[in-house]
Amino acid sequence: MTDLPLGKPVDAPRRVDPSVLRPLDRAAARERLGIVGSLPFNGEDVWRCYELSWLRPGGLPRIGVLTLRIPCASPATVESKSLKLYLNGFAHTEFASGGDVVAQIATDLEGIVGTEVSAVITDTPADPAPRDFTSFCLDGLPVDVDRYAPDAALLAPSGSMGTDAVHTHLFRSVCPITGQPDWGSVAVSWRGKLLDRASLLRYLVSYRDAAGFHEDVVEGIFVDMRAATDATELTVDGRFLRRGGIDLNPFRSTHRDRAPAFRLWRQ
């Protein structure tokens with residue numbers, strides 16, 4: 001990852017320049033989680049980019065909210081700062097229509113991630129108005145926490161089988177390159193062995209000083225939850241706050257392909 005722009009001073013492109021895009025290979029991080037061969041989940045990474053602007057013929061700026069959907073089965077994803085630099089190049093480039101902007105972005109990103117990418121531009125966010133998760137919120141549980149590195153041993157089975165759906169807004173991890181915090185919310189739902197909810201909150205909070213890209217963090221939670229619950233159905237939905245005008249939302253599930261279309265109240 002030595003050629004990544006993240007954590008380095010760089011010049012913003014003045015024109016659209018696909019060469020600034022950098023792929024992040026998914027295989028290496030997944031191998032560290034024991035994921036080799038067929039993926040144990042479906043899902044996608046949903047990127048919402050709020051700082052997109054381009055020029056129409058004649059030079060008048062246009063703006064829009066760009067939503068990208070990258071399948072989790074893609075060989076690679078795109079590094080976030082390189083995506084921001086790439087999108088900055090549109091600010092001084094003329095396009096006949098927003099449709100041409102979408103076509104350019106989809107083509108360039110597909111060349112980076114190795115699979116079809118959905119790109120949509122709207123003049124308002126493509127998702128409904130911000131709201132909260134509808135599952136049980138763990139954040140009010142009276143727990144003490146003393147571990148701030150991921151520890152699956154914190155997950156304590158309750159001794160019964162069933163279904164549960166919970167979430168927390170207390171989630172934090174850190175960028176593996178810059179060490180800067182990544183704030184977010186995580187929802188988990190499953191069918192299998194039930195967990196003591198307090199233990200699940202301690203586990204999720206244990207990521208507070210963990211270094212990892214958003215996608216890798218969510219996949220790590222998925223792997224640990226599946227092992228702890230023997231889940232026949234499992235979904236992990238990560239909703240991270242904006243950095244550089246972009247929020248990234250990795251969604252991994254045994255039985256669902258697409259993330260629900262909404263933004264959290266903090267996003």
Side-chain angles (χ1 to χ4, degrees), residues 26-46 69-74 77 131-141 143 145 147-173 182 184-208 210 212-240 248-262 264:
R26 296 191 191 270
R30 287 173 174 169
E31 287 175 2
R32 291 192 291 271
L33 295 173
I35 301 175
V36 179
S38 298
L39 297 179
F41 43 67
N42 306 310
E44 60 182 358
D45 301 327
V46 182
R69 293 179 178 269
I70 302 176
C72 70
S74 63
T77 185
R131 62 175 176 83
D132 201 354
F133 288 122
T134 57
S135 56
F136 177 83
C137 183
L138 299 170
D139 299 349
L141 296 179
V143 302
V145 178
R147 298 186 214 179
Y148 298 110
D151 186 356
L154 291 169
L155 295 170
S158 68
S160 56
M161 303 289 290
T163 61
D164 203 0
V166 302
H167 68 272
T168 179
H169 296 302
L170 305 181
F171 195 83
R172 192 192 92 149
S173 55
D182 290 321
S185 302
V186 175
V188 185
S189 59
W190 74 97
R191 179 185 301 275
K193 295 178 182 176
L194 296 180
L195 299 174
D196 174 75
R197 284 176 167 176
S199 78
L200 179 51
L201 179 58
R202 291 188 188 96
Y203 165 75
L204 292 172
V205 170
S206 76
Y207 276 82
R208 196 166 184 83
F213 293 115
H214 298 348
E215 306 93 324
D216 303 335
V217 167
V218 168
E219 291 181 5
I221 294 170
F222 184 99
V223 168
D224 287 344
M225 285 293 299
R226 188 177 63 161
T229 64
D230 293 330
T232 57
E233 294 183 1
L234 172 62
T235 297
V236 181
D237 189 353
R239 308 276 174 144
F240 288 84
L248 173 54
N249 306 279
F251 178 83
R252 302 294 184 266
S253 177
T254 56
H255 55 290
R256 299 169 63 183
D257 295 326
R258 289 177 66 86
F262 69 89
L264 288 181

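The first residue in the sequence is number 1, and the count goes up from there.
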Trainee: Considering non-hydrogen atoms only, spot the tightest contact between Leu201 and Val143 and give its length.
Mentor: CD2-CG2, 3.7 Å
Trainee: To check you understand the geometry: which heavy-atom pair defines the closest contact between Val236 and Phe222, and what is its length?
Mentor: CG2-CA, 3.9 Å
Trainee: Taking the six-membered ring of Tyr207, is the NZ or CZ of Arg172 close enough (under 6.0 Å from the centre) and on axis enough (within 45°)?
Mentor: no
Trainee: What is the minimum heavy-atom distance between Leu155 and Ala228, and which atoms define it?
Mentor: CD1-CB, 3.8 Å
Trainee: Is a side-chain donor-acceptor pair under 3.5 Å present for Ser74 with Arg26?
Mentor: yes
Trainee: Taking atom types as modelled, find out whether Asp196 and Ser158 have a side-chain donor-acceptor pair closer than 3.5 angstrom.
Mentor: no
Trainee: Taking side-chain contact (heavy atoms from CB on, under 4.5 Å) as the criterion, tell me which of Leu234, Thr235, Asn42 meets it with His255.
Mentor: Thr235
Trainee: Please determine whether a side-chain nitrogen of the Lys or Arg among Asp224 and Arg226 lies less than 4.0 Å from a carboxylate oxygen of the Asp or Glu.
Mentor: no
Trainee: Check for a donor-acceptor pair, side chain of Asp139 on one end and backbone N or O of His169 on the other, with a separation under 3.5 Å.
Mentor: yes
Trainee: Do side-chain atoms of Ser199 reach the backbone of Ala156 as a donor and acceptor pair under 3.5 angstrom?
Mentor: yes
Trainee: Ring centroid separation for Phe133 and Phe262, is it under 6.0 angstrom?
Mentor: yes
Trainee: Under a 3.5 Å distance rule, please check whether Arg69 uses its side chain to pair with a backbone N or O of Glu44 as donor and acceptor.
Mentor: no
Trainee: Does a donor on one side chain and an acceptor on the other come within less than 3.5 Å for Asp45 and His214?
Mentor: no
Trainee: Identify whether the distance between the nearest side-chain nitrogen and carboxylate oxygen of Arg191 and Asp230 falls below 4.0 Å.
Mentor: no
